[in-house]
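Everything on this sheet refers to the single structure shown next.
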Amino acid sequence: MSLRRRLVVSSAIFWIVAVTIIAFTFLGFGQQQMLNETRDRNVQTASIISRDLNSQMNGTLADARNFTRHLELLSPDLDAQASAAISLRLSAPQQYRGIYQFDPQGRLKLFVNDSIDSLLRLRSADILTRSPISVDELVMNAFRQSSTGGTYVSEVQYTNLGNVPVLYLGLPLNPIEGSAAIVVLEIDLQAMWERIDQITFGQTGFTYIVSREGFIIAYPESSGLGQPIKDSLTPLLSGNEGFAEYRDPARGLILAAFSPVGGLTGWGVVIEQSASETNIPISRMGAAVIGIWMFMAFLGTAAIFRAVNGVAKPIVTLTATTNDIARTGALKRIKPMERSDEIGQLSRSFDQMIERLQTTEGKLEHVAAEERNRLARELHDAVSQTLFSASIIAEVLPKLWNKNPEEGHRRLAEIQQLTRGALAEMRTLLFELRPQALLDAEINYLLRQLVESFGTRHRIPVDLKIDDECGMSAEVKVAFYRIAQEALNNVAKHAQATQISIHLWCEDDSIFLRVIDNGQGFDRAHTRPGSLGLGIMTERSREIGADLSIESKPGQGTMVTVKWQMPVKEANDNGD
């Protein structure tokens with residue numbers, strides 16, 4: 001195998017293997033990044049849905065309590081109470097399926113569970129004079145539970161007719177006048193369940209609700225109702241929010257995010273999505289990466305061939321010229337090579353040698369044929385030894401590349417430069433900032449994510465301390481987050497710090513954020529306006545009406561403090 005072929009094959013193999021490793025590394029990183037984004041998105045979405053469910057149930061409970069307070073004021077006027085029950089049902093006929101009122105002994109005093117058409121013609125007198133009915137056991141159970149424990153919320157049940165999801169809400173009545181009573185409301189959850197069923201993610205993602213006992217109470221398919229949740233989801237029953245993975249025989253690997261609803265219901269929200277769906281963008285990306293890989297492999301091989309050709313071609317020329325001299329005996333010079341490496345030096349030495357030999361040959365033209373033959377033999381021997389040395393150097397170039405990279409780099413500088421440049425270019429494709437959903441996330445979560453990312457990137461320990469759950473508007477939250485982010489960037493760029501602390505706390509009607517580092521600090525008097533990110537932090541503070549103070553001295557670190565005070569009206573509302 002010729003020198004040129006050896007160099008091309010070995011270099012091309014190295015190049016293709018390197019590009020392949022980088023491509024697979026990029027795809028693996030992209031798959032993990034996609035999985036992380038899916039996990040974060042689904043957990044955040046589950047939290048939003050759970051908060052929405054909690055808000056709806058709290059609203060229902062608040063309406064029910066207002067209704068019972070109204071009944072307490074009307075007691076002992078049963079006619080007025082019956083009218084109030086009719087009004088409540090007419091106000092939301094799809095929500096309140098039935099209203100039952102019992103005395104402490106469990107005797108039914110009045111009930112309203114008529115159809116919507118009947119309600120429009122129903123009068124309070126009709127309710128008070130109607131015949132007693134046999135009350136459903138679920139209603140009676142709500143009565144008994146409320147009698148002993150106060151406000152009671154039952155598990156979700158499905159009606160025999162229409163398979164409608166309902167729950168029973170028991171509330172005690174303690175009127176100023178008259179005897180105590182228990183009101184049981186039958187709440188229709190159909191509209192709420194339909195909204196849950198409409199929340200989907202891609203082709204395989206869906207949402208369902210579980211009870212406080214760990215059984216599914218809302219599911220897109222009726223076959224899933226009443227089924228227990230997977231063991232990996234049991235932290236949800238303890239009020240924890242998180243993410244789990246498990247394998248389903250029919251759907252493969254499942255990604256599940258969960259969040260508790262809270263309140264009296266004890267429900268939990270679960271979002272499931274097939275892991276194979278999250279890999280679809282990676283599969284599409286893989287096709288693009290393969291195309292890029294083929295292009296880079298072709299481009300790299302062409303560049304390697306060109307570079308090797310630049311090294312091997314002069315040696316081939318020298319060898320051909322030497323063979324021609326050996327064959328014909330006619331001295332020839334080659335075109336001088338404008339190169340500073342060993343090959344350029346060899347070509348110039350060869351030309352100098354040929355020039356001297358030609359001069360010597362001119363002086364010896366008058367010598368006898370025997371002398372010319374003797375000189376020709378000596379010339380042949382000398383040139384052969386010199387070219388043999390050059391051939392030895394060329395032959396060991398591939399071995400030097402593997403055994404002594406530094407010597408190989410000097411001999412093949414251009415190949416090394418191209419290889420390094422290509423590798424550097426490929427590495428730049430690995431870098432991607434998704435934005436975080438700042439408006440939906442809590443400030444505590446945002447600061448924790450910021451600290452984790454910063455610590456991983458810069459290897460500087462950050463101590464995060466959050467004293468309270470400080471309520472703030474979306475604009476204030478984003479401003480606090482951006483100020484903390486800019487402060488950390490300044491530390492990474494200029495401070496040379498070894499320790500950073502971030503503290504968020506509430507005090508009266510104010511919220512404070514403080515970032516302290518032990519870096520080299522700076523002199524504020526000699527700082528240009530807008531330098532070190534001060535302009536950005538100042539602008540962020542001004543947008544929300546906050547006070548920003550920066551304290552620093554050379555060699556004594558820096559302390560950035562932001563104080564935002566609630567407007568008077570907002571502070572009064574929070575106090576109320």
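Evaluation of the side-chain contact (heavy atoms from CB on, under 4.5 Å) rule for Lys553 yields Gln556 as partners, not counting sequence neighbours. Qualifying side-chain hydrogen bond (donor to acceptor under 3.5 Å, both in side chains) partners for Arg540, counting only residues two or more places apart in sequence or in other chains: none. Partners of Glu272 by salt bridge (Lys or Arg N to Asp or Glu O under 4.0 Å), not counting sequence neighbours, listed by chain and number: Arg251. Partners of Ser146 according to the side-chain contact (heavy atoms from CB on, under 4.5 Å) rule, which considers only residues two or more places apart in sequence or in another chain, are Tyr152, Pro172, Ile182. Glu213 is linked by a salt bridge (Lys or Arg N to Asp or Glu O under 4.0 Å) to nothing, counting only residues two or more places apart in sequence or in another chain. Checked against side-chain contact (heavy atoms from CB on, under 4.5 Å), Leu264 has the following partners two or more places apart in sequence or in another chain: Leu61, Arg65, Thr151, Val153. For Ala84, the side-chain contact (heavy atoms from CB on, under 4.5 Å) test picks out Phe67, His70, Leu71, Leu74, with sequence neighbours left out. Remark: Arg212 engages Glu155 in a salt bridge (Lys or Arg N to Asp or Glu O under 4.0 Å) (not counting sequence neighbours). Under the side-chain hydrogen bond (donor to acceptor under 3.5 Å, both in side chains) criterion, Glu241 pairs with Ser47, Ser259, not counting sequence neighbours.
The shortest non-hydrogen separation linking Pro260 to Leu236 is N-CD1, 3.5 Å. Contact between Asp231 and Pro235 at its shortest, heavy atoms only, is O-CD, 4.4 Å. Closest heavy-atom contact between Ser552 and Phe522: OG-N, 2.9 Å. Nearest heavy-atom pair, Val270 versus Ala256, reported as atom, atom and distance to 0.1 Å: CG1-CB, 4.4 Å. Summarising the geometry of Val184 relative to Ala142, their closest heavy-atom pair is CG1-CB, 3.8 Å, with the distance given to 0.1 Å. Residue Trp193 comes nearest to Ala218 through the heavy atom pair NE1-CB, 3.0 Å, listed as atom of the first residue, atom of the second, then distance.
Considering only heavy atoms from C-beta on, Lys563 stays 4.5 Å or farther from Glu507 through its side chain. Counting heavy atoms from C-beta outward, Gln157 and Pro165 have side chains that stay 4.5 Å or more apart. Using a 4.5 Å cut-off on side-chain heavy atoms (C-beta onward), Ser541 and Asp547 make no contact. No side-chain heavy atom of Leu169 sits less than 4.5 Å from a side-chain heavy atom of Tyr96. Residues Arg41 and Phe201 meet the side-chain proximity criterion, which asks for heavy atoms closer than 4.5 Å. Proximity of Asn490 to Met537: side-chain heavy atoms (C-beta onward) are separated by under 4.5 Å at one or more points. Taking the side chain as every heavy atom from C-beta outward, Leu504 and Asn444 approach each other to under 4.5 Å. By the 4.5 Å heavy-atom criterion applied to side chains, Ile460 and Leu488 are not counted as neighbours.
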Side-chain donor-acceptor pairs under 3.5 Å in residues 510-520, sequence neighbours left out?
residue: Arg514; atom: NE; partner: Thr561; partner atom: OG1; Å: 3.0
residue: Asp517; atom: OD1; partner: Gly519; partner atom: N; Å: 2.8
residue: Asn518; atom: OD1; partner: Thr498; partner atom: N; Å: 2.9
residue: Asn518; atom: OD1; partner: Gln499; partner atom: N; Å: 3.0
residue: Asn518; atom: ND2; partner: Thr498; partner atom: OG1; Å: 2.8
residue: Gln520; atom: NE2; partner: His494; partner atom: O; Å: 2.7

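Side chain of Trp564 to backbone of Val476: no donor-acceptor contact under 3.5 angstrom is found. Proximity of a side-chain donor or acceptor of Thr204 to a complementary backbone N or O of Ser274 within less than 3.5 Å is detected. A distance-only check finds a donor-acceptor pair linking the side chain of Glu72 to the backbone of Asn174 [under 3.5 Å].
Residue pairs meeting the disulfide (SG to SG under 2.5 Å) criterion with at least one member in residues 225-269: none, sequence neighbours excluded. Judged as a ring-ring contact (aromatic ring centres under 6.0 Å, His included), not a single pair has a partner in residues 232-262 (not counting sequence neighbours).
Note that the CD atom of Glu486 and the CD atom of Glu539 stand 11.0 Å from one another [nearest 0.5 Å]. A distance of 5.0 Å separates CG in Leu253 from CZ in Arg247, rounded to the nearest 0.5 Å. Considering CD1 of Ile502 and NZ of Lys465, their distance stands at 14.0 Å, rounded to 0.5 Å. Rounding to the nearest 0.5 Å gives a distance of 6.5 Å between CD1 of Ile229 and OG1 of Thr234. To the nearest 0.5 angstrom, Ile271 atom CD1 is 10.5 Å from Gln44 atom CD. Here the CE atom belonging to Met192 is positioned 7.5 Å from the CD1 atom belonging to Ile209, to the nearest 0.5 angstrom.
In summary, the side chains of Thr38 and Gln273 do not present any donor paired with an acceptor at a separation below 3.5 Å, with no hydrogens or angles considered. In summary, the side chains of Gln485 and Asn489 do not present any donor paired with an acceptor at a separation below 3.5 Å, with no hydrogens or angles considered. With 3.5 Å as the limit, one finds no donor-acceptor pair spanning the side chains of Arg51 and Asn54.
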